[in-house]
Each structure stands twice: as C-alpha cells, then as structure tokens.
Amino acid sequence: MCFFVATIMIKLEAAELAARIKEEVKTEIERGIRPCLAAVRVGDDPASAVYVRNKIRACEEVGIRSEHHALPESTTTSELLDLIATLNARDDVDGILTQLPLPAHVDETAIIEAINPAKDVDGFHPVNAGRLAMGRPVLVPCTPAGIMELLDDRGIELRGANACVVGRSQIVGRPMAQLLLQRDATVTICHSRTRDLAAVTRTADLLVVAIGRAGFIGRDHIKPGATVIDVGMNKVSDPDEVRALFGSEAEKRLEVVAKRGSTLVGDVNPSEAAEVAGMLTPVPGGVGLLTVAMLMKNTLRAAKLRRRKN
Ligand code: NAP
C-alpha cells in the first residue's frame, strides 16, 4: 500500500510582526525618548530613492525625527566624509544610514568606516560586525535581525538545527550566519563557489537564501518540511518566467507585470518550494517589511544607548 502525505506549506507572512515591532517602538517613543535618524542618499538610483522614502515614512509612523540628505551623483568621497563627520558630531542625531549602493566612484568602505559605530544603525561598521562575530552584538544589520525576530515569533527551534545560509554578503549572509550560530544552530555558509549547492542546502532544517537571483532555489535544494527564508528581491518582467515561478498563482503576478512592467520575486521558486518546504517567507510581504521595522528598532536602541552614555 502506498501513502501520500500531502504537506501544506505555511506562508510566513511578516506584515503583522513588522507592524507590532513598529508599534512597540512608537509606544516607547511616546514615553519620552525622541530619536533622530539621518538618511544619506547619493545619486539618482530610483530603487534607492524608494527605499529611503519607505524608511522616512516609517520614521514618521513611529515618531522618529528624520533628515533626508539627498546628494547629487557627482558627490565625491571627501564631500561625503565631511557630511558624515558633521552628522557624527551633532548631538541631536542618533542614527546615520547611507543608502547602498553608493555610486562607483565613491569609496563605500571608507564611508561605512567613517560612521560613528554608536550611530551605525545599519550595523555595517567593522566595530559592530566584530562585536557580532564575538557574540556581543550591539547594533545588528536590520535584515538578519528581522529574520531572527520572525523565527522567534513563530517558535522555530534553532538550537541544534542544521541551518544553511546561501550568500555571504556583509549585509545579509555573514551576519545572518553569526546570529544563528549564537543561537546554537549548526551553520553552513554557501556561496557562488560552493560545490553541489543542492546537496548542501538539502541537509538544512532552516534555509536562508540571499543571493539576488530570481527563483534560483528550487525543489531539489530544499529538505522536505524545511523552513525557508527568502531574502531576495528581484524584478521579473518576462511572462514565461513569471509562469514558471508562480504556477497556478501566476495570473495575479502577470496582472502586476502588465500594470507596472515587472513583479517582485525572491531567490526561491515559490511554486517548487510549495511542493517540499514546511514554511516559506513570501516576496513581497516577508523579510523586506521586517528590515524597515528593525531599522526603527535599531535607531531607538542607538538613541537609548547614547543617552545612557552621555
Ligand atoms: P550580494 O552582496 O550581491 O551577495 C550575493 C551573495 O550570493 C554572494 O555571497 C554570492 O557569492 C552569492 N551567490 C551569488 N550567486 C550564487 C549562486 N549561484 N550560488 C550560491 N551563491 C551565490 O547580495 P546581498 O546584498 O546579500 O543581497 C542578496 C539579495 O537579497 C538581493 O536580491 C537583495 O536585493 C536582497 N536583499 C533584500 C533585503 C530585504 O530587506 N528583503 C535586504 C538586503 C538584500 P560570492 O560571495 O561567492 O560572490
């Protein structure tokens, strides 16, 4: 006799949690502390403009004062360093973020390292990355920090779990792996040189993917029942690609493509993942929402820590 056990994949929607995190920040701000976030953007990249606008809007929602420093594409490293020095010196500024990527002629590393670690609400400064690596985190990069909130909120067991992080960027992959290690997961980090990626990812109870390739992770990469966190944000406009990614749910996405020219897709193929995964974060509606919420939380944290020290 043959039994088929149909698994129904749970979509790990994050909107409610993101709203709750922002609400908690708002409540604390209403009790008296009033942080200020300075957002710095260079050039005319439309995606960066949207990201910064969303962050400023979130600040307004929770009661964080914000400043938007939008500088022309021609801004030099030295001019940007001068602005960072001014923001570092201002006592009324608690958090500084420079929207990445910066234009190619700007020395991104120099800019990140110039930000006062106490105001580094993105958690990218080597001091904050080092603290995280040593298991003494202070300001943690927002995307992996948001993923940890989601895993905890859903009660996903991390201790002893096999966790695999695909991608080793400074902003997602590496800090994600550190956070999981700190919580006693057995962590494997994969990247573009990993041999037989699917053989490695298939051992993971928890699979976090941050590579920037639409729908790259398919059914063969996923262990049955695994929790899959899709960090990717890619635009897809080809209708055939949309059909291959969304299967029976493609119609809605095709409408989005017809209206806006493209649809937002993660690094995981959602229709293939639905056949094997236990849980999957949707794109949009997943990790991205938490990133902005955690920026608000980090800004409040930076403000509290600075006031305690001052
Ligand atoms: P990144 O800096 O470009 O790094 C990509 C990583 O993926 C690299 O480590 C690269 O390996 C690895 N990689 C690329 N192709 C691969 C392959 N075929 N197999 C295995 N590994 C591969 O990217 P990122 O900044 O981490 O962003 C990743 C994705 O997440 C993007 O889609 C980005 O838009 C999205 N993102 C979303 C949020 C959010 O809030 N939802 C936040 C940040 C980023 P190598 O190191 O060997 O080159």
Given the rule in the side chain to side chain contact (heavy atoms under 4.5 Å, CB included) test, do Arg195 and Val200 qualify, once you have shown the distances and angles that lead to the verdict?
CA-CA 8 Å; Arg195 285 191 199 132; Val200 182; over 6 Å; no

Quick one: does [X]'s side chain get under 4.5 Å of [Y]'s, heavy atoms only?
X      : Y      : value
Ile29  : Pro35  : yes
Asn116 : His125 : no
Leu71  : Val40  : yes
Pro239 : Arg243 : yes
Arg41  : His68  : yes
Phe124 : Glu108 : no
Leu158 : Met148 : yes

Any donor and acceptor pair, going by atom type alone, linking the side chain of [X] with main-chain N or O of [Y] inside 3.5 Å?
X      : Y      : answer
Glu272 : Arg219 : yes
Arg213 : Asn234 : no
Ser169 : Val172 : yes
Asp267 : Gly212 : yes
Arg168 : Arg174 : no
Asn162 : Asp205 : no
Asn298 : Cys142 : no
Ser271 : Leu245 : yes
Thr86  : Asp82  : yes
Lys119 : Leu87  : yes

Let me confirm one number: the [atom1]-[atom2] distance from [X] to [Y], rounded to the nearest 0.5 Å.
X      : Y      : atom1 : atom2 : result
Asp153 : Leu150 : CG    : CG    : 6.5 Å
Cys190 : His221 : SG    : NE2   : 9.5 Å
Thr201 : Ile222 : OG1   : CD1   : 7.5 Å
Thr75  : His69  : OG1   : NE2   : 12.5 Å
Ser192 : Leu197 : OG    : CG    : 10.0 Å
Leu300 : Leu295 : CG    : CG    : 11.5 Å

So Leu180 and Leu151, side chain to side chain contact (heavy atoms under 4.5 Å, CB included) or not? Walk me through it.
CA-CA 10 Å; Leu180 292 169; Leu151 295 171; 4.2 Å; yes

So for atom CZ, which belongs to Arg260, do other residues, nucleotides or ligands contribute more than 12 heavy atoms lying within a distance under 6.0 Å?
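No.
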
Report, as yes or no, whether the 6.0 Å neighbourhood of atom CD on Glu249 holds more than 12 heavy atoms from other residues, nucleotides or ligands.
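No, CD of Glu249 has 12 or fewer neighbouring heavy atoms, counting only those of other groups under 6.0 Å.
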
Closest approach of [X] and [Y], non-hydrogen atoms and distance?
X      : Y      : result
Ile64  : Val25  : CD1-CG1, 4.5 Å
Val236 : Val257 : O-CG2, 4.0 Å
Ala114 : Asn88  : O-ND2, 2.8 Å
Ala274 : Met9   : CA-SD, 3.6 Å
Ile84  : Ile96  : CD1-CG2, 4.2 Å
Ala118 : Ala302 : O-CB, 3.6 Å

Working note: Leu80 + Leu102, criterion side chain to side chain contact (heavy atoms under 4.5 Å, CB included); need CA distance, chi angles, decisive distance, verdict.
CA-CA 10 Å; Leu80 202 46; Leu102 291 166; 4.1 Å; yes

Pair Arg20 + Glu16, salt bridge at N-O below 4.0 Å
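Judged by the 4.0 Å cut-off on N to carboxylate O distance, Arg20 and Glu16 do form a salt bridge.
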
Member of Arg65, Arg34, Arg306 meeting the side-chain hydrogen bond (donor to acceptor under 3.5 Å, both in side chains) criterion with Asp94
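Only one of Arg65, Arg34, Arg306 forms a side-chain hydrogen bond (donor to acceptor under 3.5 Å, both in side chains) with Asp94, namely Arg306.
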
Among [options], which residue satisfies the side chain to side chain contact (heavy atoms under 4.5 Å, CB included) criterion with [X]?
X      : options                        : answer
Val231 : Ile171, Val208, Thr281, Thr291 : Val208
Met279 : Leu206, Val228, Ile229, Leu12  : Leu12
Pro144 : Met176, Met294, Gln178         : Met176

Hydrophobic cluster identity match, [X] and [Y], side-chain contacts under 4.5 Å:
X      : Y      : answer
Val276 : Val166 : yes
Leu17  : Val140 : yes
Ile33  : Val93  : no
Phe246 : Ile10  : no
Leu264 : Leu290 : no

Go through the steps to decide whether Ile112 and Leu100 satisfy the test side chain to side chain contact (heavy atoms under 4.5 Å, CB included), and finish with yes or no.
CA-CA 10 Å; Ile112 289 171; Leu100 304 179; 4.2 Å; yes

Passing option when Lys297 is tested against Glu23, Glu149, Glu28 for salt bridge (Lys or Arg N to Asp or Glu O under 4.0 Å):
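Among Glu23, Glu149, Glu28, the one meeting salt bridge (Lys or Arg N to Asp or Glu O under 4.0 Å) with Lys297 is Glu149.
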
